[in-house]
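So the structure is just underneath, and the comments pick up after that.
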Protein chains: 2
Amino acid sequence: MARQSTHDRLLASGRELIHRQGLAASGVAEITAAASVPKGSFYNHFASKEAFAVAALDDYWAAGGPIQAILAGPGAVPERVRRHFEAIGADMAAGGFVAGCLLGNMASEAGPVSEPMRRRAAELFAAWTGALAACLRAGQDAGEVGRAVPAETLARFLIAAWGGAVQRAKVERDDRAFAAFHTVLTTLIEP
Amino acid sequence: MARQSTHDRLLASGRELIHRQGLAASGVAEITAAASVPKGSFYNHFASKEAFAVAALDDYWAAGGPIQAILAGPGAVPERVRRHFEAIGADMAAGGFVAGCLLGNMASEAGPVSEPMRRRAAELFAAWTGALAACLRAGQDAGEVGRAVPAETLARFLIAAWGGAVQRAKVERDDRAFAAFHTVLTTLIEP
């Protein structure tokens, strides 16, 4: 039980730390201090800081399950897509737009220097794209979404557009980038 | 003359370093080693690593002048916009898609922890958005670009969409994200 608890505390506190200040800036000593556990205990739970970061990203992804579930329904597809991105944006607004998206951050920062993180980020982007593409395809079949662009391409494009909006919101500290995203989203998916 | 040369070497080699591996991971010792200058000389030229990073970002932006100039013409607006993003994409393809965009990287990594970098990144995003918006507005006036979305909103959206595509290309190490961007771009700006 104690082992599980230390593991969970490391994940929760460490995830918050690397989300806010990045991976390279967050040493193992700082991660263990944030979790209030002895520094030596870190390596009982994670083989390396890199392994910890991949686990933290998986944890972040799992926590986003309810937001992913919006895409699967119920509701009209354009409304589902809108609510999906609004829910992510609301989380970011609650945090003052500072930290952004951990998946995007890790892709940007760790992608070039960590092969396990690069692969995991690519897999999670692919899973997200698959879920959004399935939703958009259902919308195209129901005549709720235009067919000018294949669902898979549109999903890939929209997730990128969202990721870039998050990046910009991080430096503007407001929701102008999200507002532009939603304005164009409406135009883009209308039948 | 020697002073200028050391300054330029620090900028050139250091910029390449922080572009590839990030700011937090790049210590002053590593930056000076990459530039083959004594470590102590760093602070003769830059007040801090943060000041260096802002100068490196300005240098990166200045180097992108010819790519920005494509937006101002000549040529039809949809073609200018396409060539603008293709030119950036070609640079990234030449580097194996590893490093991504320094502006996006710094927004993502340094935005939450460095106020000077956050402000400078916001200014450069605004300058880029202004240039693209002016181009799109000219296209709308000439009937070459649709009017469904205001030029400023469309510019802001497209730059975000591009930034997110770059982020994804960094983990996929190929141009699928750029291909999706260009497919939707064509649909999005047609009259």
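On a predicted model such as this, the values are computed, not experimentally measured, just so you know. Chain letters run A, B, ... following the sequence lines, proteins first, then strands; residues in each count from 1.
Using a 4.5 Å cut-off between heavy atoms, A:Val113 contacts chain B through its side chain alone, with no backbone atom that close. Of the two parts of A:Ser108, the backbone and the side chain both hold a non-hydrogen atom closer than 4.5 Å to a non-hydrogen atom of chain B. At a 4.5 Å heavy-atom cutoff, the contact between A:Arg20 and chain B is made by backbone atoms alone. Both the backbone and the side chain of B:Thr153 come within contact range of chain A, with heavy atoms under 4.5 Å apart.
Classification of A:Glu115 and A:Arg118 as a salt-bridged pair holds, one side-chain N sitting under 4.0 Å from a carboxylate O. The existence of a salt bridge linking B:Asp58 and B:Arg15 is excluded, since no basic side-chain nitrogen approaches an acidic carboxylate oxygen closer than 4.0 Å.
Between B:His7 and B:Phe46, a ring centre-to-centre spacing shorter than 6.0 Å is recorded. For B:Phe157 and A:Phe157, the ring centers sit closer than 6.0 Å to each other.
Residues of residues 119-135 of chain A lying within less than 4.5 angstrom of chain B, judged on heavy atoms, are A:Ala121, A:Ala122, A:Phe125, A:Ala126, A:Thr129 in numerical order.
Looking at B:Val37 and B:Phe42, their side chains never come closer than 4.5 Å, going by heavy atoms from C-beta outward. Counting only heavy atoms from C-beta outward, the side chains of A:Thr6 and A:Asn44 never approach each other to under 4.5 Å.
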Apply side chain to side chain contact (heavy atoms under 4.5 Å, CB included) to the pair B:Lys170 and B:Phe97, showing each step before the final yes or no. CA-CA 5 Å; B:Lys170 283 179 76 162; B:Phe97 306 100; 6.0 Å; no

Start with the C-alpha gap between B:Trp162 and B:Cys101, add the side-chain angles, then the distance that decides, and say whether side chain to side chain contact (heavy atoms under 4.5 Å, CB included) holds. CA-CA 10 Å; B:Trp162 178 258; B:Cys101 166; 5.9 Å; no

Evaluate A:Met92 against A:Phe178 for side chain to side chain contact (heavy atoms under 4.5 Å, CB included), listing each step before the verdict. CA-CA 10 Å; A:Met92 293 184 183; A:Phe178 297 165; 4.0 Å; yes

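Counting heavy-atom pairs closer than 4.5 Å to chain A, the top residue among B:Val98, B:Val184, B:Thr183 is B:Val184. The candidate from B:Pro112, B:Gly111, B:Ala99, B:Ala24 with the greatest count of non-hydrogen atom pairs under 4.5 Å with chain A is B:Pro112. The candidate from A:Gly96, A:Ala180, A:Gly163 with the greatest count of non-hydrogen atom pairs under 4.5 Å with chain B is A:Ala180. Among A:Met117, A:Arg168, A:Gln21, A:Glu152, the residue with the largest count of heavy-atom pairs under 4.5 Å with chain B is A:Arg168.
A:Ile70 and A:Phe85 are members of different hydrophobic clusters when ILVMFWY side chains are connected at heavy-atom separations under 4.5 Å.
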